S.K.: 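Here it is, the structure, as structure tokens.
Just so you know, residue 1 is the first one in the sequence shown, and it goes up from there. The model shown is predicted, which means the values in this text are computed figures rather than measured ones. In listed order, ligands and their atoms are each counted from 1.
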Amino acid sequence: MAVFRTFLGLVVVTLAVSATLSAAHLEGFNFGSVGSQGLFPEFYQSSCPQVNDIVTSVLRRAIEKVPRVAASLIRLHFHDCFALGCDASVLLDNSTIIRSEKGAKPNVNSLRGFEVIDEIKAKVEEACPLTVSCADIVALAARGSTVLSGGPDWVLPLGRRDSITASAEASDSDIPAPIPVLSALITAFERQGLDETDLVALSGAHTIGFAKCSFVRQTRKSVCPGRGGDNTPAPLDFVSPTRFDNSYFKLILGGHGLLPSDQVLLTGKGRQAAELVNTYAANESLFFQQFAKSMVKMGNINPLTGSKGQVRKDCRHLN
Ligand code: HEM
Ligand SMILES: *[C@@H]1O[C@H](CO)[C@@H](O)[C@H](O)[C@H]1NC(C)=O
Ligand SMILES: *[C@@H]1O[C@H](CO)[C@@H](O)[C@H](O)[C@H]1NC(C)=O
């Protein structure tokens, strides 16, 4: 029997602890059984027990070389999940039968990290051929990137399979634009089964990474060269651009949110958004706890399971 004290201060008593759950995961937040759509954390326990170690080691090197990669991979999971569900549809390249989501408006010249996913997938295929889906690799890479940037860890339900279709139309219609209309952001999240709390917590991912100056709010254009209407990248969180922390929310409180969709979380008419911005700015561990919970929820959007879809050999192409 083992007793664990979680971040929530709850005491969790388990009779049999799975030997393959790493110590780090036991310290992380466990929401794995909450509405997980048939996914479960131990999915690769016997078929590819080393998958998370492979993901972490590739990520470590990639982030060391290009720190922005961590942000790009968290965003990749979001854009995958919001278009047709978390099914790696976002990774498919153009072909005779696929019109790639990479050409959709929210993604073109904007989504990054595809080469890192390719590198992880190649190493995973060497160790466990045709076993681990690209959709799970994207979810693992988003979690690993969060942890390696100083953010929370969580127990991640797995077992997603890969789509045999893509939808640039779904990417265009379902991924929210960075506009200062809180009701539109809430609606976009509600369409995915996510609520206002998920919206605010997940927007906290903007604690790392960059946005093009053309998106930057008028009052923040000073971070951009010239008139700021171009593609120069500006840090979403200029205080700690590569550290996953709660400074994103502190910046918003000071009126320094970079995107219109960031600042409107405080200024817009929502039931709880402004209050949550205040709460997360004041209490980083509460933000981390909710971010972990909301990432699990987002990762459970409409997965393909069982014999649906396929496990792609190459994430960019159908088998
Ligand atoms: C509220 C809805 C959201 C809007 C309107 C939004 C919009 C944007 C925009 C416009 C950019 C900059 C893109 C560019 O300049 O090319 C961006 C970057 C980013 N977004 Fe969001 N986003 C939202 C929610 C999220 C969520 C839910 C996540 C993840 C959980 C996320 C993670 C990121 C990250 C990490 C970056 C930086 C990427 C990089 O540097 O490569 N965003 N977002
Ligand atoms: C894929 O092909 C379509 C149609 O030809 C094109 O509009 C789109 O830009 C292409 N996407 C990419 C990512 O190259
Ligand atoms: C912050 O939130 C945590 C829960 O994650 C709670 O235990 C703690 O008391 C809070 N701290 C403050 C200063 O309110």
Side-chain angles (χ1 to χ4, degrees), residues 6-10 29 66-82 90-96 98-114 139 142-143 145-146 149 151-152 166 168 171 174-182 184-189 192 194 196 198-217 230-237 241-242 244 246 248 257-262 264-265 268 273 279-280 282-295 297-299 301 316:
T6 70
F7 287 6
L8 294 163
L10 302 171
F29 302 110
V66 182
R68 185 180 182 178
V69 155
S72 304
L73 291 171
I74 296 171
R75 184 170 187 236
L76 192 58
H77 186 40
F78 163 47
H79 284 212
D80 181 29
C81 293
F82 267 53
V90 73
L91 301 179
L92 290 170
D93 282 342
N94 263 351
S95 72
T96 49
I98 296 291
R99 194 157 80 80
S100 177
E101 293 175 14
K102 295 176 187 181
K105 206 165 165 239
N107 298 340
V108 69
N109 299 323
S110 183
L111 265 199
R112 294 156 192 273
F114 299 110
R143 179 184 63 175
S145 294
T146 304
S149 304
S171 301
D174 295 352
I175 297 170
I179 53 170
V181 185
L182 183 57
L185 301 174
I186 293 172
T187 302
F189 274 63
Q192 307 285 349
L194 303 179
E196 203 171 324
D198 300 314
L199 165 66
V200 178
L202 291 173
S203 293
H206 291 174
T207 177
I208 56 174
F210 295 82
K212 290 193 220 15
C213 276
S214 53
F215 290 127
V216 171
R217 286 167 60 230
D230 60 11
N231 289 343
T232 316
L236 283 154
D237 168 0
T242 60
F244 198 104
N246 69 338
Y248 167 80
L258 197 76
L259 301 173
S261 52
D262 293 327
V264 80
L265 297 176
T279 303
Y280 299 150
N283 190 335
E284 184 173 79
S285 62
L286 204 59
F287 162 51
F288 278 12
Q289 184 190 310
Q290 185 59 50
F291 184 80
K293 197 171 177 175
S294 295
M295 282 294 278
K297 210 167 148 188
M298 184 177 84
I301 297 172
R316 294 174 183 266

S.K.: Identify, by atom number and element, the atoms of ligand 1 in contact range of A205, meaning under 4.0 Å from any of its heavy atoms.
M.R.: 28 (C), 29 (C), 30 (C), 31 (C), 32 (C), 35 (C)
S.K.: Under 4.0 Å and counting heavy atoms only, is there anything from the protein next to atom 5 (O) of ligand 2?
M.R.: no
S.K.: Which residue owns the protein heavy atom closest to atom 1 (C) of ligand 1, what's the atom, and how far is it?
M.R.: L199 CD1, 3.5 Å
S.K.: Judged on heavy-atom distance to atom 2 (O) of ligand 3, which of T279, N283, L286 sits nearest?
M.R.: N283
S.K.: Mind checking whether S72 has an N or O less than 3.5 Å away from an N or O of ligand 1?
M.R.: yes
S.K.: Give me the nearest non-hydrogen protein atom to atom 9 (C) of ligand 1 as residue plus atom name, then the distance to 0.1 Å.
M.R.: L259 CD1, 3.7 Å
S.K.: Please report which non-hydrogen protein atom sits nearest to atom 13 (C) of ligand 2, along with the residue it belongs to and the distance in Å to one decimal place.
M.R.: G103 N, 3.6 Å
S.K.: Closer than 4.0 Å and a protein heavy atom, does any atom meet both conditions relative to atom 9 (O) of ligand 2?
M.R.: no
S.K.: Starting from atom 39 (C) of ligand 1, what is the nearest protein heavy atom, named by residue and atom, and what distance separates them?
M.R.: R68 NE, 3.3 Å
S.K.: Examine distances only and state if a side-chain atom of N107 and a backbone atom of E101 form a donor-acceptor pair shorter than 3.5 Å.
M.R.: yes
S.K.: For atom 1 (C) of ligand 2, state which one of D93, N107, N94, V108 supplies the nearest heavy atom.
M.R.: N94
S.K.: Just which atoms of ligand 1 are under 4.0 Å from any heavy atom in G209?
M.R.: 37 (C), 40 (O)
S.K.: May I ask you to identify the nearest protein heavy atom to atom 43 (N) of ligand 1, giving residue, atom name and distance to one decimal place in Å?
M.R.: H206 NE2, 3.1 Å
S.K.: Decide whether the shortest distance between a heavy atom of L236 and an atom of ligand 1 is less than 4.0 Å.
M.R.: yes
